[in-house]
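Notes follow the structure.
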2 protein chains.
Amino acid sequence: MPHTTAPMSLKSLARELGISAATVSRVLSGQAERHRISIATRDRVLGAARASGLVVDQLARSLRLRRTQSIGLLIPDISNPFFAQLARQIERRARHHGYSVLIADSEEDADVEAAAMTLMLSRRVDGLIVAPVGTPATDNPLRSLGGRPCVLVDRLLEQPSLPAVTSDHRHGAELATQHLIARGHRRIGCVEGSPGTFANDARIAGWRAAMASAGLAAGDDLVAGTGYSVDAGVAAARTLLRRAERPTAVLALGNVLALGVLQAAREERIIVPDDLSLVAFDDQLWAAVTSPALTIVEQPIEALGREVVDLLLERIAAPLDDPPARRILPVRLIERESVRDLGAGRVVPAPPAQRTPDPPAPAHGRAGAR
Amino acid sequence: MPHTTAPMSLKSLARELGISAATVSRVLSGQAERHRISIATRDRVLGAARASGLVVDQLARSLRLRRTQSIGLLIPDISNPFFAQLARQIERRARHHGYSVLIADSEEDADVEAAAMTLMLSRRVDGLIVAPVGTPATDNPLRSLGGRPCVLVDRLLEQPSLPAVTSDHRHGAELATQHLIARGHRRIGCVEGSPGTFANDARIAGWRAAMASAGLAAGDDLVAGTGYSVDAGVAAARTLLRRAERPTAVLALGNVLALGVLQAAREERIIVPDDLSLVAFDDQLWAAVTSPALTIVEQPIEALGREVVDLLLERIAAPLDDPPARRILPVRLIERESVRDLGAGRVVPAPPAQRTPDPPAPAHGRAGAR
DNA sequence: TTGTAAGCGTTATCAT
DNA sequence: ATGATAACGCTTACAA
């Protein structure tokens, strides 16, 4: 009958039991042994605590311990499915390590990001995980972290050189481009997200590299895009598709951009993959049921989440040794139906991509690569 | 040159300035006027605070003020796009009211949910927003809230009668069903999510009501489903599609279930919408580019987020007056291409649904209904 | 084996 | 117009 009305506290419980708060504290924090608390006392405390439904106040505890057992998570757009999945993995991993997550959505705005960081620090999070907006802020945020560790994820920054975990965006783009080249494509365009952003630029670099080593042109006329939204994707695709020499294939550097490309193709009465091949980034549940099902470069989201959290907790535990570790996780290409084989001269042997059959198996091979 | 190395604090700043902590506190919390702090002192404090990059410790502040200016958010699966969007709206609204959000993913597990709630309460969140798992927990969670307000969202519970904000699931299902009936469908099935869950059951009820008032059978043989996952959706759809009398139309009571239906239809070589019509719930960016584009019952996610937060903050501000308010927000039907008009006798006049044209306009009419 | 007391960084109350 | 002091609820030397 836990019919508590009074705001229980360790101290009040101690008073009720006629013992000191210190003893109760010791028992409740599992230090009974270490302090040779008598079994009798221990059980009395434990019993009473359970009966009264006492939970120790983490606020006071944190203040005293100078550690909140919580981390801050800063995401540019949590409604983007990629970040949503990432957030899930991060929260889950943190929870398993006994950490709570304070979350904020920076709305892709550097000032919001800076403000959110300050707020989180003032709430004394033990560390920070940030998928940075990557754009210069009015106020310098990622600098004065008050000494608390911070790990970047997905996008990494050069200026404040911080540890980071990302997937191999560059290699992903190479994989995708090589795949297209191997199927006879020569003019391959890119619908990009936010230029200047790490993941975006790394992907562009990968595409350029693959194009170059196949002796193909990779000029700026083959790139368009202004942001990670369907509308931006539509506009960029439209631009590309209306070029005098229309590309036969397009890389959409983000899953929602792929939606935009599909949309634009529809408008222009261009059939994918017959008239235009498409490879997108970041697998999603729906990517297997668009028409056509999308060939995709998949990021190891679970591993990403696991690694950032682990990396952050390591740095929270151990003082800051300086080599800002940078973990880059491998990606893989999932072939589905959005790429047409042009048959023409294969320049490069088909890359060793895992094949994911389609109608039979839906797309959630969460392989947790490496 | 904010070259702070020492862990600044209000108190240390006071010492440096040779004044009392109380005064600094008063200035920093905007109480200078109220306490008639001299302009000189005020400016000195403000200047020094800015120069040293001081941010007051919210932990200590919260402890003293008995209020953390933070709320807890409990979501069953934040990687589900519906909840991701909802979380975004909630976080954003909370932030605008000056509240931080502590988030946890209950993984659709009542025990995880209970544990997370306890943890949040121990962290002294000022209130809680919960999309409850809705399944009995080992430990009774939603009861001993330590007097702190809690508002449910999306799913509401009967037993602990708490204030809630949901969209009109029941009416949505009626709308969808009437839409199908008006297009000549007679056998209309349901692929459900988690039976026993509020949103799910309300939708089933709506479907039954619409079927009944059209004099159509709505037996259990027309319902299948065990959870909100693609796989569960595939299995349920398969069951329905293999019935002796196969339904001509199906309601997918959740967007990821629609993915499952599409998948299953592919396997069975059933063409949507020619052989099978489909109406799904919860609009998503991709719903316009599946093949076919999905006719959908859309929930007003932004309004949902806004209302829960506002409702919660009201209850945080004002002591608990008992009528557990229950706000039910209207939904709307977005017609796209996944419903076939059977032409046969129209039983009911076409419901007054907004039409969203497709190729021309992508699907983000965020109308913020009502 | 247990208690006392100081302190974590604020703010409210009461003085002055 | 400002300062001392106590208290928020906990943990941890240091004692006993």
Side-chain angles (χ1 to χ4, degrees), chain A residues 4 6-46 49 52-70 121-126 146, chain B residues 4 6-46 48-49 52-70 119 121-126 146:
Chain A
T4 354
M8 259 299 159
S9 80
L10 184 156
K11 198 194 285 181
S12 65
L13 201 164
R15 202 168 329 115
E16 278 182 22
L17 294 180
I19 63 185
S20 82
T23 301
V24 175
S25 171
R26 297 196 261 246
V27 170
L28 258 31
S29 55
Q31 311 222 291
E33 297 264 290
R34 231 161 63 55
H35 286 272
R36 310 173 165 207
I37 306 290
S38 75
I39 307 287
T41 312
R42 195 199 55 186
D43 290 349
R44 230 155 60 85
V45 171
L46 252 24
S52 63
L54 170 63
V55 281
V56 307
D57 188 315
Q58 297 300 323
L59 217 52
R61 186 161 210 268
S62 296
L63 185 59
R64 175 66 229 240
L65 258 28
R66 322 184 55 73
R67 153 172 61 92
T68 55
Q69 210 73 313
S70 70
L121 291 175
S122 78
R123 287 191 183 284
R124 295 271 210 95
V125 293
D126 295 337
Chain B
T4 354
M8 259 300 159
S9 79
L10 183 157
K11 199 194 285 182
S12 64
L13 202 165
R15 203 169 327 117
E16 278 181 20
L17 294 180
I19 63 185
S20 82
T23 301
V24 176
S25 171
R26 296 195 263 247
V27 171
L28 259 30
S29 56
Q31 311 221 291
E33 297 264 289
R34 233 161 60 57
H35 285 272
R36 309 168 166 211
I37 305 289
S38 74
I39 307 287
T41 313
R42 194 199 56 186
D43 290 349
R44 229 157 59 84
V45 170
L46 253 24
S52 63
L54 170 64
V55 281
V56 307
D57 188 317
Q58 297 300 323
L59 218 52
R61 186 162 210 267
S62 295
L63 184 60
R64 176 66 233 234
L65 258 28
R66 321 185 54 75
R67 154 172 61 92
T68 55
Q69 210 75 309
S70 70
L119 181 56
L121 292 175
S122 78
R123 286 191 185 283
R124 295 269 211 97
V125 294
D126 294 337

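Order of the sequence lines sets the chain letters (A, B, ...), proteins ahead of strands, with each chain counted from 1.
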Quickly work out the B:Leu121 CG to D:dG9 C1' distance and round it to whole Å.
16 Å
Integer-rounded Å distance: D:dC10 C1' and A:Leu10 CG
7 Å
Testing B:Ile19, B:Asp43, B:Ile37 for side chain to side chain contact (heavy atoms under 4.5 Å, CB included) with B:Val27, which one passes?
B:Ile37
Please tell me if [X] has a side-chain N or O lying less than 4.0 Å from either OP1 or OP2 of [N].
X	N	result
A:Arg66	C:dG9	yes
A:Ser29	D:dC10	no
B:Ser38	D:dT2	yes
B:Ser20	D:dT2	no

For B:Thr41 versus B:Ser38, what's the shortest heavy-atom pair and its separation?
OG1-OG, 2.5 Å
What's the shortest heavy-atom distance between A:Arg66 and A:Arg124, and which atoms?
CA-NH1, 4.1 Å
Go through C:dG9, C:dT4, D:dC8 for me and flag the one nearest to the B:Ala60 side chain.
C:dG9
Can a donor-acceptor pair under 3.5 Å be found between the side-chain atoms of A:Arg26 and the base atoms of C:dG3?
yes
Quick check: any donor-acceptor pair below 3.5 Å linking the side-chain of A:Arg64 to the base of C:dG9?
no
Classify the nucleic acid contact of [X] as base, sugar-phosphate or nothing, counting any heavy atom under 4.0 Å across all strands shown.
X	value
B:Ile19	sugar-phosphate
A:Arg124	sugar-phosphate
A:Arg36	base

Could you tell me whether a side-chain N or O of B:Ser62 sits under 3.5 Å from a main-chain N or O of B:Gln58, the two making a donor and an acceptor?
yes
Identify, between B:Thr41 and A:Thr23, the residue whose nearest nucleotide on DNA chain D lies closer to the 5' end.
B:Thr41
Position toward the 5' end of DNA chain D (nearest nucleotide), A:Gln58 or B:Arg42:
B:Arg42
